[in-house]
Amino acid sequence: MNFTLLKSLAFGLVILANASSFGQKNTEKPKLVVGIVVDQMRYDYLTRFDNQYGEDGFKRLQNEGFNCQNNHYNYMPTKTAPGHASIYTGTTPQNHGIISNSWYNKFEKKDVYCAEDTTVASVGTDNVGVGQMSPRRMRTSTITDQNRLHTQMRGKTIGISVKDRGAILPAGHTANAAYWFQGGDEGVFITSTYYMEELPKWVKNFNKKKPAKAYMKDWDTYKPIKEYIESGSDLNDYEGGFRGKETATFPYDLKKLGKENGGYSILKSTPYGNSITTDFAIAALDGEDLGQDDDTDFLAVSYSCTDYVGHNFGVNSKEIEDTYVRLDLELAKLLEALDKKVGKRNYSVFLTADHAAVHVPAFLSNVKIPSGYFDIRSFREELNDFISKKYGRDDLIEDISNDQVFFRYTVLADETIDAESLQKEIKHFALQYKSISKVYTRAQMEQGSYDSGVAALVQKGFDQERSGDVFFVLDPGYLTGGHTGSSHGTPYSYDTHVPLLFFGNGVKKGHTYNQTVITDIAPTVAALLGLQDPNGTTGTVITEVLE
């Protein structure tokens, strides 16, 4: 055999070897996991705005990754804090204890916020209260905690969001840092002494450049407004808008409007708040050297401004469509940075939402869909009047909040009133009240076991220590609050159905219509990384996702 033939055979073997390895799964664990939570994102924003998206954001995640198309929340209330906690703990409020954004603490006799912590101090701001935050009210560990434990604390965790709770809860108890946006006259990212005594140099440098100032500009539609045919008319009766502008219509002069709308805080209710979140996340990649060694790091990014825009303008507004058109560009920008700084096959991503949202009930009513508004003040007054006439006391109810009724047990004991009997009386009263669909009692939650239906979702949101004594569920399409903008919190599909996309290292290309639930995310990521599940996990691995 001559030299030329040997050379040709050798070259052929190299080609075959390369060909056989092409498309094989990457057996190395990702150097970085990026968790993306889009606040108040309905699943149908993927399909409704599909024609508006480019190829490098949402579509890249769908086309190159795995799409769980029937993913739902498996509890109520569907709100921001319990959503973020459930995504990262792999369990529901029944176990992790974050039963709402705020709740009535019957032992302290006051409302408490999910992340408040008066034992810590603000870092990066002179505004004392805004930085007194930590994850201490969350009872269970997170997937980010488990990664820290698995790597002997070498793998880093950084949480980033405009909202404090959107950064703190995903980052977990052991995070290196969680950063959130302080608006007002500052426009900076801050943290608390739970994590550090002083901001790192890279954060100080980011803040010194005053990046928020650059976004105090006109907010007009990214594309010609006539192309936004997936949303309603720009001028309508269903939107809140900003103080200082008569109509909730494009364009918005943010520099001018900021004077009456909280200074830099106005950015939270615009797509530009998402832009500054992306800017800060990319700065964190470099500042923290994320994904640059053999220990997997975790970057938890929550895009919160979609929620503010939804609450202000509603899910059918031109403003929400423009916000998602622009968010698609932000995702493309973030993915491009990850490709360059970490490497295309060196990171994994999941994208989901902390809850979805309902159409503005006033709009639904106008198109003849049953809907409306629940007057909590009238309900409270009528319930107290009923209790007073029935028991001769007007102080048996201590609090009504988060669709729950809390008893004043000291008075019940003095009057020898049986708590379960009172629960049944209130249940009977509430079931006859207009726009209340279902009512459950503490006794039912503690003594029964529900596997399906609304009762099961209520039970998974029930915390024995923190929850109330009677729980009511409004009719579909009903909200408590003002008559403009969208909201959420119910067990109905418009609040529970959210996107779930996996992408990158260790993830198959494909989709499933099989139902998955939000608590499956953490165990799936744990399986991807070879970690122990978070200590309260009740979800299961979505096996179709993994290579």
Side-chain angles (χ1 to χ4, degrees), residues 33 35-41 71-103 105 112-117 133-148 157-175 178 180 192 194-195 298-304 307 350-356 402 457-467 488-489 491 495-496 498 500 516-526 533-539:
V33 175
I36 301 173
V37 179
V38 183
D39 205 320
Q40 203 190 113
M41 184 176 181
N71 183 67
H72 286 262
Y73 273 86
N74 54 344
Y75 64 85
M76 70 166 291
T78 40
K79 296 187 177 181
T80 296
H84 281 80
S86 298
I87 291 165
Y88 282 84
T89 63
T91 191
T92 67
Q94 187 177 48
N95 294 310
H96 62 59
I98 304 298
I99 62 172
S100 191
N101 295 332
S102 299
W103 60 87
N105 187 311
V112 296
Y113 178 61
C114 62
E116 73 176 72
D117 187 346
M133 304 289 168
S134 84
R136 285 181 172 136
R137 293 189 188 274
M138 184 167 58
R139 292 199 181 106
T140 57
S141 69
T142 60
I143 187 62
T144 46
D145 288 325
Q146 297 304 135
N147 186 59
R148 292 275 284 159
T157 296
I158 305 295
I160 295 169
S161 178
V162 162
K163 291 183 180 178
D164 48 46
R165 58 187 180 271
I168 291 168
L169 298 173
H173 301 276
T174 60
W180 54 96
S192 81
Y194 179 87
Y195 305 99
F298 219 115
L299 177 62
V301 181
S302 180
Y303 286 106
S304 302
D307 184 67
F350 68 80
L351 181 147
T352 189
D354 54 352
H355 53 75
N402 290 319
L457 274 67
V458 173
Q459 190 168 56
K460 286 184 174 67
F462 170 76
D463 179 276
Q464 197 169 25
E465 177 187 345
R466 294 175 176 174
S467 295
H488 47 86
D495 281 341
T496 66
V498 297
L500 177 55
T516 57
V517 292
I518 209 70
T519 50
D520 293 340
I521 296 174
T524 301
V525 176
D533 288 344
N535 60 20
T537 292
T538 52

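Quick note: residue numbers are just sequence positions, from 1. Since the structure is predicted, the reported quantities are computational estimates derived from the model, not experimental observations.
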Subject >> Heavy-atom side-chain contact between Gln40 and His488 under 4.5 Å >> reply: yes
**OP:** List the steps and the verdict of side-chain contact (heavy atoms from CB on, under 4.5 Å) for Arg466 and Asn105.
**Re:** CA-CA 7 Å; Arg466 294 175 176 174; Asn105 187 311; over 6 Å; no
Subject >> Met76 and Asp495: CA distance, side-chain angles, deciding distance, side-chain contact (heavy atoms from CB on, under 4.5 Å) verdict >> reply: CA-CA 9 Å; Met76 70 166 291; Asp495 281 341; over 6 Å; no
Original post:
Under 4.5 Å between any side-chain heavy atoms of Cys114 and Ile98, yes or no?
Top reply: yes
Subject >> Asn535 versus Thr140, side-chain donor and acceptor atoms under 3.5 Å >> reply: no
Subject >> Pair Thr538, Thr519: side-chain N/O donor-acceptor within cut-off below 3.5 Å >> reply: no
Original post:
Any side-chain donor-acceptor pair under 3.5 Å between Ser86 and Tyr73?
Top reply: no
Original post:
Side-chain donor-acceptor pair under 3.5 Å between Asp145 and Ser141, yes or no?
Top reply: no
Subject >> Residues that Ala178 engages under side chain to side chain contact (heavy atoms under 4.5 Å, CB included), provided they are two or more places apart >> reply: Ala167, Ile168, Ala171, Trp180, Tyr195
**OP:** Consider only side-chain N and O atoms of Thr142 and Thr144, and report whether a donor and an acceptor are under 3.5 Å apart.
**Re:** yes
**OP:** May I ask you to test the Met133-Arg165 pair for a side-chain heavy-atom distance under 4.5 Å?
**Re:** no
Original post:
Does the side chain of Met138 come within less than 4.5 Å of Tyr88's, by heavy atoms?
Top reply: no
Subject >> CA sep, side-chain torsions, deciding dist, call: Leu169, His96, side-chain contact (heavy atoms from CB on, under 4.5 Å) >> reply: CA-CA 11 Å; Leu169 298 173; His96 62 59; over 6 Å; no
Subject >> Close side-chain approach of Tyr75 to Gln94, heavy-atom, < 4.5 Å >> reply: no
Subject >> Partners passing side chain to side chain contact (heavy atoms under 4.5 Å, CB included) against Thr516 (at least two apart in sequence or in another chain) >> reply: Cys68, Asn71, Leu500, Asp520, Ile542
Original post:
Listed by chain and number, what are the side chain to side chain contact (heavy atoms under 4.5 Å, CB included) partners of Ser102, not counting sequence neighbours?
Top reply: Tyr113
